[in-house]
Amino acid sequence: MTTHHEHVPVLIVGGGLVGLATSMFLSRHGVRHLLVDKHPEVTLQGRARGINPRTMEIYRAFGVADAVTEAGRPFADDAGGVRCETLAGEWQWLFEPDQPREWPEHTAGTFSLADQNADQRFETELTDFRQDDDGVTATIRDRATGETSTLRADYMVAADGRRSPIRERLGIAKPLRGQTLNFLSVIFEADLDQLVERRAILWFIVNRKVGVAVLTTTARRGRWSLGIGYDPATRSPADFTAERCTEIIHGALGRDDIPVVVEDVTPWTQEVGIADTFRQGRVFLVGDAAHTWSPAGGIGANSGVQDGHNLAWKLAAVMDGRAAPALLDSYEPERRPVAQILAELTELRQARRSGHSPERDEVDDLHWALGQRYTSPAVLGAPYGSVFGDGLDLRGRPGTRAPHLWLERDGERIAVHDLFARSFVLLTGGGGKAWLDAADEVEAYRVGVAGEDVDLVDSESEFARRYELGTDGAVLVRPDGYVAWRAEPGTTDPVGALREALGAILGRS
């Protein structure tokens, strides 16, 4: 049975972390959308291990940081990394818990958001689609009932993973670079308390029985994940039966008397690849559909969430008429160069960790997370010659992440990025009343910092130093927390200047 022509403004295909995060962002921007995923529920196989400070900053602005932190509580005692021959043998600590951490503090979780704007349908697959100048016509099938339906979407977001049938259907190449490795992720139940006196973030286990394997914890006590490498020229995933996986697990543990129950076995590929384009017509690629890296640096899931964050506000602005469709042209020039340079840096870090490269890792994790710079039509400023500068630029320049501030509003302590989730924000100093009046007249959310008769108090007196605007300059911040434009002190026509800047950023002029 087939039904026809439901209409949704945005169709998201893929209900993993990136698809669900994009759904959340669109919901908070008031965009009605449908998310479909062919699996019956969220998978056990979550390979993302860390949430970096930038992603947590975004989650905080959207009100889910506490929930994400709570979801990561089972991992609170995980610290340090281990190399060993077996878990029962001697451990060599690669980095101790009290040393500077290369992995972020928070552990990734998957979440869903119940919202009137979001319709999330699992066990529902995209079977066909075609696009034209006005939108996308898609056929979806309920895998439980076999019923198919045809719907019309203004835009489609492909969050359908590394192999991305949508990307392949569009003919978008994703050239691979470097070495491709094949793994199986085995989820199993076992009581390892007698072997694990102190929980690590991960254990690298190397011996003749298992080759190289990586053991990690999961969110449920007694459930573990073992990553096993294999050569597809000599083995296939079908060779790894529950019995064979149990043998390998016992080889990794160094004990065969510990009961093991294999719950799930899923193959995956470690590769580095960047799609040739992140957009074709009305279809946008996000997450693994657009880019994949090795786990070194923990940037895959974080970058995917940030793709969705970058795209969602732009779709919202176009859908409600505030922006011209030209605004969407800024998605690829902002996100694809980031993916390209992170691919290079990840390859370097992977080689360094493997002992194959003496080169020094010159970009630290904080710089990777907070130092990304955008050059696009949605940024009014001089173009940057590279994604990353020599160090973090924390001066509020166009194309950079707005510098953090702790502020006070009605006696409550908030972060400046808490203000950026839903609208443009104009920040100005104590002498910037003309800018606040201009923001009211044009359409930006007005925010003063310090001084008299303002909305917020700069509780740590850092605004002047971090933004360098004097008393009457202003900075316009986009809904994704990136600086779009600066007005230096002495601007004589705030209303005209702000109207012109917003028009240019939103593709209306």
- Query: On the ring face of F129, is R169 found with NZ or CZ under 6.0 Å from the centre and within 45° of the axis?
  - Reply: yes
- How far does CG of L342 sit from NE2 of H291, to the nearest 0.5 angstrom? 8.5 Å
- Task: Evaluate the criterion side-chain contact (heavy atoms from CB on, under 4.5 Å) for residue pair L476 and L498; output intermediate values, then yes/no.
- Result: CA-CA 9 Å; L476 183 65; L498 182 57; 4.2 Å; yes
- Using modelled atom types only, decide if a donor and an acceptor are shared between the side chain of D288 and the backbone of T292 within a distance under 3.5 Å. no
- Query: Roughly how far apart are T137 OG1 and H7 NE2, rounded to 0.5 Å?
  - Reply: 10.0 Å
- Check: F278 main-chain N/O paired with E332 side-chain donor or acceptor under 3.5 Å: yes
- Can you list the residues that meet the ring-ring contact (aromatic ring centres under 6.0 Å, His included) rule with Y384, with sequence neighbours excluded? none
- For M319 and P9, work out which heavy atoms get closest and say how close. CE-CB, 3.3 Å
- Task: Can you sort out the partners of R395 under side-chain contact (heavy atoms from CB on, under 4.5 Å), two or more places apart, ordered by chain and number?
- Result: D393, R397, E468
- Task: Verify whether one side chain among N52 and T55 offers a donor that lies under 3.5 Å from an acceptor in the other.
- Result: yes
- Note on the structure: Tightest non-hydrogen contact, residues R486 and Y467, listed as NH1-O, 2.9 Å
- CZ on R336 to OG on S376, rounded to 0.5 Å: 15.5 Å
- Item | Gap between atom CG of L405 and atom CG of L456 - 0.5 Å precision | 9.5 Å
- Task: Assess whether atom CD of E500 is packed by more than 12 heavy atoms of other residues, nucleotides or ligands within 6.0 Å.
- Result: no
- Taking side chain as C-beta onward, heavy atoms only, is F25 less than 4.5 Å from L311? no
- Between NE2 on residue H309 and CG on residue N302, distance to nearest 0.5 Å: 13.0 Å
- Message: I want to check something: taking the side chain as every heavy atom from C-beta on, are L315 and L328 in contact at a cut-off of under 4.5 Å?
- Response: yes
- Task: Could you check F388 against L345 for side-chain contact (heavy atoms from CB on, under 4.5 Å), going step by step and ending with a plain yes or no?
- Result: CA-CA 11 Å; F388 293 102; L345 295 172; 4.0 Å; yes
- Task: Would you indicate whether the side-chain heavy atoms of L392 and T400 approach each other to under 4.5 Å?
- Result: no
- Message: Would I299 and W368 count as a side-chain contact (heavy atoms from CB on, under 4.5 Å) here? Give the steps.
- Response: CA-CA 9 Å; I299 60 174; W368 286 27; 3.4 Å; yes
Residues 158-166, side-chain donor-acceptor partners within the protein, below 3.5 Å, at least two apart:
from : atom 1 : to   : atom 2 : distance (Å)
D160 : OD1    : S164 : OG     : 2.8
D160 : OD2    : S164 : OG     : 3.3
D160 : OD2    : I166 : N      : 3.1
R162 : NH1    : E271 : OE1    : 3.3
S164 : OG     : R167 : N      : 3.0

- Audit row: E57, R54, salt bridge (charged side-chain N to carboxylate O under 4.0 Å, His left out) steps and yes/no: CA-CA 5 Å; E57 183 174 68; R54 172 60 182 153; 2.8 Å; yes
- Query: Quick one: side-chain contact (heavy atoms from CB on, under 4.5 Å) partners of D132, sequence neighbours excluded?
  - Reply: R130, D134, R152
- Message: Just to verify, what does D320 make a side-chain contact (heavy atoms from CB on, under 4.5 Å) with, not counting sequence neighbours?
- Response: R322
- Item | pair V387-Y374: side-chain heavy atoms closer than 4.5 Å | no
- Message: I need the minimum non-hydrogen distance between G396 and V483, along with the two atoms involved.
- Response: O-CG1, 3.6 Å
- Message: Would the distance check show the side chain of R373 and the main-chain N or O of S386 forming a donor-acceptor pair, the cut-off being under 3.5 Å?
- Response: yes
- Task: Indicate yes or no for a side-chain donor-acceptor contact from Q280 to the backbone of L170 under 3.5 Å, with no hydrogens or angles considered.
- Result: yes
- Check: G429 main-chain N/O paired with T471 side-chain donor or acceptor under 3.5 Å: no
- Derivation and outcome, salt bridge (charged side-chain N to carboxylate O under 4.0 Å, His left out), residues R413 and E460: CA-CA 11 Å; R413 190 189 196 212; E460 296 182 345; 3.5 Å; yes
- Do N310 and Y331 have side-chain heavy atoms sitting under 4.5 Å apart? yes
- Step by step, would you call E6 with R121 a salt bridge (charged side-chain N to carboxylate O under 4.0 Å, His left out)? CA-CA 14 Å; E6 173 186 4; R121 303 180 196 173; 3.0 Å; yes
- Do the non-hydrogen side-chain atoms of D472 and T428 ever get within less than 4.5 Å of each other? no
- Message: Could you report the tightest heavy-atom contact between S23 and A118, atom names first, then the distance?
- Response: OG-CB, 3.8 Å
- The single option from L11, V136, V318, V283 passing side chain to side chain contact (heavy atoms under 4.5 Å, CB included) against Y155: V318
- Message: Measuring only between side-chain heavy atoms, which start at C-beta, is L151 closer than 4.5 Å to L34?
- Response: yes
- Message: Contact between V477 and F424 at the side-chain level, heavy atoms closer than 4.5 Å - yes or no?
- Response: no
- With side-chain contact (heavy atoms from CB on, under 4.5 Å) as the test, would you mind laying out the steps for R60 and H417 before giving the verdict? CA-CA 8 Å; R60 176 187 166 104; H417 277 264; over 6 Å; no
- Message: For the aromatic rings, using the six-membered ring if either is Trp, is the centroid distance between H39 and F122 under 6.0 Å?
- Response: no
- After noting the C-alpha distance and the side-chain angles of R279 and D329, does the key distance pass the salt bridge (charged side-chain N to carboxylate O under 4.0 Å, His left out) rule? CA-CA 9 Å; R279 177 190 184 186; D329 295 337; 2.8 Å; yes
- Message: Ring centres under 6.0 Å, that's the criterion: do W313 and Y482 meet it?
- Response: no
- Query: Within the distance-only criterion (no hydrogens, no angle test), does the side chain of S423 pair as donor or acceptor with the backbone N or O of F420 below 3.5 angstrom?
  - Reply: no
- Task: For residues S27 and H33, report the shortest heavy-atom separation together with the two atoms involved.
- Result: OG-CE1, 3.2 Å
- Out of curiosity, R282 CZ to M156 CE, how far, rounded to the nearest 0.5 Å? 12.5 Å
- Set of residues satisfying side-chain contact (heavy atoms from CB on, under 4.5 Å) with respect to R499, sequence neighbours excluded: E441, V442, V495
- Query: Is the W268 ring parallel, tilted or perpendicular to the F183 ring (thresholds 30°, 60°)?
  - Reply: parallel
- Between E412 and R409, is the closest basic N to carboxylate O distance under 4.0 Å? no
- Query: For Q372 and R335, what are the C-alpha separation, side-chain angles and deciding distance, and is it a side chain to side chain donor-acceptor pair (under 3.5 Å)?
  - Reply: CA-CA 9 Å; Q372 300 170 13; R335 295 305 300 167; 3.3 Å; yes
- Of all heavy-atom pairs linking P403 and R466, the shortest is CG-O, 4.0 Å
